[in-house]
Amino acid sequence: MAFGRSSRTKPYVEPVTLKILVAGGFGVGKTTLVGAVSEIRPLRTEEMLSEAGRPVDDLHGVESKTTTTVAMDFGRITLREDLVLYLFGTPGQDRFWFLWDELAQGALGAIVLADTRRLEDSFAAIDYFERRGIPFTVAVNCFEGAQRFPAESVRGALDLDPEVELVMCDARDRESVKNVLVAVVEHALVLADRPRAAVTS
């Protein structure tokens, strides 16, 4: 029996899976970002903010926030049929930073989500990834009603190295978040190829 081209089955290709962290200050939109882009129902570890936590949780600028991530957010997105990203959102408060080392193991890169109303809350995440040599992209979450600043002004305020990409995004919008993820992966892969290129040249 002759088989036409249409009867051939396409061989299954095991997708490459990459781990991406989503970090940033308290209330910057990390949980929203993971939820906006995940193709599965995100795993969330949110708890209600309590009166006991108010003295240590700075609610300036996010007074309406009622919940907080206490461990991580987890989501998944398929960028291509051969490329799947696992997203791990880190908790923002200082008292949960001990979890970051566990979450960072095996990460290809990271997003540092920033809020121009509270840029100083991004410094800890930027310092963390710089010290550990984890490639990262800064994504400015353009909150409704927040003042907009030129990208170069934000870059200067955060004192970013020239090779660190900075992009504007809307953490609620799937396509906007996908663009950020593509930027992170491309940036990380370029950095990963540099030592190899130096050896072969």
Any side-chain heavy-atom pair from [X] and [Y] closer than 4.5 angstrom?
X    : Y    : result
L33  : R172 : no
P15  : E81  : no
D73  : P42  : no
V22  : F88  : no
D161 : E130 : yes
V164 : T137 : no
L108 : V184 : no
F74  : S38  : no

Minimum heavy-atom separation for [X] to [Y], with atom names?
X    : Y    : value
V140 : M168 : CB-SD, 3.5 Å
G24  : T90  : N-OG1, 4.3 Å
G75  : V34  : N-CG1, 3.8 Å
H187 : F136 : CD2-O, 3.6 Å
G29  : A171 : O-CB, 3.9 Å
Q105 : K19  : O-NZ, 2.8 Å

Treating [X] as the side-chain partner and [Y] as the backbone partner, does any N or O pair qualify as donor plus acceptor under 3.5 Å?
X    : Y    : result
N141 : V28  : yes
K30  : V112 : no
W100 : P91  : yes

Practice item. Check whether more than 12 heavy atoms from other residues, nucleotides or ligands sit under 6.0 Å from atom CG of D82, and answer yes or no. Key: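 Enclosed.
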
Point to revise | R41, CZ: over 12 other non-hydrogen atoms inside 6.0 angstrom | key: no

First locate atom [atom1] of [X], then atom [atom2] of [Y], and finally report the distance between them rounded to the nearest 0.5 Å.
X    : Y    : atom1 : atom2 : value
S176 : L181 : OG    : CG    : 10.0 Å
N179 : D170 : CG    : CG    : 11.5 Å
T31  : L113 : OG1   : CG    : 10.5 Å

**Study point:** Intermediate values then yes/no, side-chain contact (heavy atoms from CB on, under 4.5 Å), V167 and E165
**Key:** CA-CA 7 Å; V167 296; E165 189 168 0; 3.7 Å; yes

**Study point:** Within 45° cone of Y128 ring axis and under 6.0 Å: R132 NZ or CZ
**Key:** yes

Exercise for review: Applying side chain to side chain contact (heavy atoms under 4.5 Å, CB included) between E186 and each of V190, L189, V182, report the one that passes.
Suggested key: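 Only match with E186 under side chain to side chain contact (heavy atoms under 4.5 Å, CB included): V182.
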
**Study point:** Residue of the set L79, T78, L18 for which side chain to side chain contact (heavy atoms under 4.5 Å, CB included) holds with V84
**Key:** T78

Practice item. Could you walk me through whether D121 and F26 pass side-chain contact (heavy atoms from CB on, under 4.5 Å), step by step? Key: CA-CA 7 Å; D121 290 355; F26 176 58; 5.6 Å; no

Point to revise | Derivation and outcome, side-chain contact (heavy atoms from CB on, under 4.5 Å), residues V177 and I111 | key: CA-CA 10 Å; V177 175; I111 298 167; 5.7 Å; no

Review point. Do you reckon F143 sits in the same ILVMFWY cluster as V37, going by side-chain contacts under 4.5 Å, direct or chained?
Key: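 They do not share one cluster, since no chain of ILVMFWY contacts under 4.5 Å joins F143 to V37.
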
Practice item. Decide side-chain contact (heavy atoms from CB on, under 4.5 Å) for L103 and L21; before the verdict, give the C-alpha distance in whole Å, the side-chain angles of both, and the deciding distance to 0.1 Å. Key: CA-CA 8 Å; L103 293 175; L21 298 186; 4.2 Å; yes

